[in-house]
There are 2 protein chains.
Amino acid sequence: MDQLDERQRTVFCAVVEEHIRAAEPVGSEHPAVRERLGVSPATIRNTMAALEEMGLLTHPHTSAGRIPTDAGYRLYVDMFQEAEALSAAERQAIRRRLETSAEDPSAAAGQAARVLAFVTQYLSVVASPGLQHQTFRSLHLVPLGERRAIAVIATDSGGLQARMIDLPEGIGPDDLEQISQAITHRLQGCRLADLTHERLEQIVGEASWHHRLLAEVKTWLGRELARGGHPRIVMEGTRHLLREPEFRRPDAATQLLEALEEESVLADAMAAAPEQGLWISIGAENRREELRGCSLVMATYRAGPQVVGTVGIVGPTRMRYRRALAAVRYVADRLTETLKAFE
Amino acid sequence: MDQLDERQRTVFCAVVEEHIRAAEPVGSEHPAVRERLGVSPATIRNTMAALEEMGLLTHPHTSAGRIPTDAGYRLYVDMFQEAEALSAAERQAIRRRLETSAEDPSAAAGQAARVLAFVTQYLSVVASPGLQHQTFRSLHLVPLGERRAIAVIATDSGGLQARMIDLPEGIGPDDLEQISQAITHRLQGCRLADLTHERLEQIVGEASWHHRLLAEVKTWLGRELARGGHPRIVMEGTRHLLREPEFRRPDAATQLLEALEEESVLADAMAAAPEQGLWISIGAENRREELRGCSLVMATYRAGPQVVGTVGIVGPTRMRYRRALAAVRYVADRLTETLKAFE
DNA sequence: GTTAGCACTCTCGTCTGATGAGTGCTAACG
DNA sequence: CGTTAGCACTCATCAGACGAGAGTGCTAAC
């Protein structure tokens with residue numbers, strides 16, 4: 001869209017930014033637009049008409065100002081990939097909030113969602129694909145009383161999954177130790193996604209240990225993986241959505257919330273994200289119809305080389321994209337940094 | 001409030017139930033009211049006026065029907081402690097959803113919230129007080145590579161908390177084993193709430209093991225406890241709130257959501273609950289002003305003899321109390337049953 | 001190419017009156 | 001004396017009218 005001349009660009013940006021700021025159609029007489037150029041409203045009107053012709057702006061009705069179309073926003077974000085800078089205080093708030101994640105990666109998603117909602121004032125979403133995308137590191141069976149044990153799976157990205165299991169009769173601590181080591185040995189380095197039930201059967205089953213116990217561990221692993229299949233999604237900051245003028249109409253809000261609370265919608269939408277870098281989906285660009293009224297800004301985060309999750313925000317198409325970009329990128333980067341410890 | 005005579009009772013109940021059903025003021029000519037008595041609207045009007053006198057009903061405006069006051073709802077729920085029965089299908093859905101919790105108590109809260117929101121069609125809340133209210137059972141340090149270990153705390157109610165810790169140089173598996181046993185031995189049976197930082201210092205500190213490691217374990221325990229202090233709250237089903245007519249006014253919804261997303265509000269409100277049994281808080285009865293427009297129905301659940309959490313729902317004061325009671329009680333009971341395994 | 005002028009369009013807030021639901025009061029009734 | 005019919009009254013709600021204001025597009029002059 002470089003076919004915009006100098007003036008068109010200026011007018012276009014002024015309209016987008018003013019509309020993002022004020023949430024209202026921007027007229028040709030609007031100071032924000034006029035200030036940037038030395039020309040009269042009439043001239044601006046001509047330019048606006050041209051921009052509308054190109055499909056970048058539109059009219060809610062005859063006598064209203066212009067608002068950007070989805071295509072307009074798209075052009076805008078493509079023009080301004082360089083994001084707005086976060087203030088030092090904001091950066092610090094984010095870092096502080098995520099520090100604790102280093103100690104407890106399982107809480108990282110929640111923390112990230114919280115701080116992102118706070119900084120952006122939009123609804124934030126963090127999807128952590130659970131075990132699915134992680135690499136098996138070790139299994140430990142720790143005896144706990146006579147007939148019970150704690151089983152812990154550790155993954156390379158610092159993930160831990162603990163649960164209790166019942167023991168068949170006649171299994172001693174030594175047996176547990178032996179089984180732990182054997183399973184650890186056989187599964188180490190295995191991507192958990194590759195551990196189908198059959199595979200598990202094959203790898204583990206060929207040994208002839210105490211069968212009942214093995215069966216129990218096996219079903220657990222299987223179930224844990226099944227659950228890891230659809231990522232756990234944490235949402236935070238629903239309240240911010242309701243404050244946006246575009247969602248003040250009660251059923252607009254209801255519809256959106258219903259969509260968001262159904263996990264598959266967000267999961268779908270986020271599945272379209274590339275593995276690397278920032279990713280923006282504006283209005284009609286969204287796969288799921290329910291999200292056509294909003295925009296998503298997303299980024300993946302990694303533990304070492306492995307992508308382990310997605311952070312992002314959901315807001316109206318009239319979103320403060322530059323700020324959102326900055327915040328999402330910063331949070332994703334810090335998360336990645338934090339999880340480096342477990343590389 | 002037994003000073004209600006037969007007719008007053010009938011009219012009162014009819015008004016409450018009809019209003020709960022239809023969400024609109026109930027007039028004296030309303031079939032639902034008239035059907036229950038053989039009398040004319042004029043007579044009902046007199047009765048209604050009397051009930052209004054007593055503070056049980058009120059008028060939105062002169063020419064509107066009657067709606068119950070908070071006091072009216074209170075009387076109503078007190079009269080009908082016997083809850084509506086859940087359908088077999090509903091009971092089964094709840095049981096099924098909670099079965100998996102037996103294997104993974106940490107996911108129990110989430111599951112319970114989900115199923116409760118689904119069954120009641122209100123917003124549901126589950127607060128699991130975390131470690132705070134549980135009893136220490138054992139600590140295990142499992143070596144993981146050279147300089148790292150997994151630390152797992154187990155509690156009597158089946159709770160597990162796992163995290164990774166860095167090891168100081170020169171600590172072998174035997175040391176870890178020894179330290180685990182020593183700490184387990186000293187803290188066993190201790191209510192975690194009683195483990196203040198000083199106490200921890202005192203109990204653990206008197207021994208002369210490897211200091212750096214101990215320090216690490218200690219700060220972890222301390223931090224974990226501090227976090228356990230304010231319970232983790234899971235909310236599910238925000239969408240249901242927006243569907244209620246009383247929250248269709250955009251800022252009513254916004255205000256309520258803002259309150260609910262601030263954890264302290266719910267935590268406060270729930271702190272007023274008794275340890276045992278069902279508990280209902282209607283409108284103005286709520287401690288926190290932000291919740292004056294809604295009602296809560298709550299119940300605690302236990303792991304063995306120990307109360308470990310609260311489940312409940314939030315809805316308009318015009319709530320289907322009898323149904324809500326049944327659902328909340330059933331979920332709490334099933335949760336308690338499920339967690340019995342860890343007694 | 002730019003701008004002033006102007007007629008035109010359309011939304012929005014306010015006002016109006018009509019409608020209708022539901023009341024409280026009074027007087028008659030069994 | 002409790003119950004009921006009748007009736008005047010109140011008040012929210014809704015549709016339609018109206019004016020104000022915002023912003024447009026067009027035209028003609030600069």
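The figures that follow rest on heavy atoms only: side chains count, while hydrogens, waters and symmetry mates do not.
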Specify the separation, in whole Å, of atom NE2 of B:His59 and atom P of D:dA12.
12 Å
Under 4.0 Å between a side-chain nitrogen and a carboxylate oxygen: does that hold for B:Arg248 and A:Asp251?
yes
Under 4.0 Å, heavy atom to any atom of DNA chain D: which of residues 17-32 of chain A qualify?
A:Gly27, A:Ser28
Using a strict heavy-atom distance below 4.0 Å, which residues from residues 60-70 of chain A are in contact with DNA chain C?
A:His61, A:Thr62, A:Ser63
Qualifying ring pair (Phe, Tyr, Trp, His ring centres under 6.0 Å) pairs, either residue in residues 27-76 of chain B, two or more places apart
B:Tyr73-B:Tyr321, B:Tyr76-B:Phe80
Minimum-distance nucleotide (side-chain atoms of B:Val39 versus D:dT4, D:dG25, C:dG24):
D:dT4
Salt-bridged, A:Glu262 to B:Arg239, with N to O below 4.0 Å?
no
Please name all residues satisfying salt bridge (charged side-chain N to carboxylate O under 4.0 Å, His left out) with B:Glu29, sequence neighbours left out, ordered by chain then number.
none
Using a cutoff of under 3.5 Å, can you pull out all pairs of nitrogen or oxygen atoms linking the protein to nucleotides 26-29 of chain C, with atom names and distances?
none

Hits for side chain to side chain contact (heavy atoms under 4.5 Å, CB included) against B:Thr69, two or more places apart or cross-chain, chain-then-number order -> B:Thr58, B:Ala71
Quickly work out the A:Glu52 CD to D:dG23 C1' distance and round it to whole Å.
12 Å
In whole Å, I'd like the distance from the CD atom of A:Gln8 to the P atom of C:dT2.
11 Å
Does a side-chain N or O of A:Ser40 approach OP1 or OP2 of C:dT2 to a distance below 4.0 Å, or not?
no
Can you name the residues that form a salt bridge (charged side-chain N to carboxylate O under 4.0 Å, His left out) with A:Arg322, not counting sequence neighbours?
none
Look at the side chain of B:Arg45 and decide which nucleotide, out of D:dT4, D:dG25, C:dG24, has an atom nearest to it.
C:dG24
With sequence neighbours left out, write down each residue that passes side chain to side chain contact (heavy atoms under 4.5 Å, CB included) with B:Ala23, or none if nothing qualifies.
B:Pro245, B:Arg318
Interatomic distance where CZ belongs to B:Arg7 and P belongs to D:dG2 [whole Å]
10 Å
Can you list the residues that meet the side chain to side chain contact (heavy atoms under 4.5 Å, CB included) rule with A:Arg21, with sequence neighbours excluded?
A:Glu18
Student check: side-chain heavy atoms of A:Phe12 and A:Leu75 closer than 4.5 Å:
yes
Indicate yes or no: does B:Glu285 engage B:Arg292 in a salt bridge with an N to O separation below 4.0 Å.
no
To the nearest angstrom, the CG-P distance between A:Leu57 and D:dT24 comes to 11 Å
Please give, in whole Å, the distance from D:dT24 C1' to A:Leu51 CG?
15 Å
Report for the helix from C:dG1-D:dC30 to C:dG30-D:dC1: angle between first-end and last-end helix axes, five pairs each, rounded to 10 degrees.
20°
Salt bridge (charged side-chain N to carboxylate O under 4.0 Å, His left out) involving B:Arg34 - partner list, sequence neighbours excluded:
none
Report the distance from atom CE of B:Met48 to atom C1' of C:dG22, rounded to the nearest whole Å.
10 Å
Testing the basics here: between A:Pro25 and A:Pro60, what is the closest heavy-atom pair and its distance to 0.1 Å?
CG-CG, 4.0 Å
Comparing B:Gly38 with A:Ala42, nearest DNA chain D nucleotide closer to 5' gives the residue B:Gly38
Residue pair A:Val125 / A:Val234, side-chain heavy-atom distance below 4.5 Å:
no
Whole-Å distance, B:Ile44 CD1 to D:dT3 P, equals 11 Å
With B:Thr120 via side chain to side chain contact (heavy atoms under 4.5 Å, CB included) - residues at least two apart
B:Leu116, B:Tyr122, B:Ile313, B:Ala327
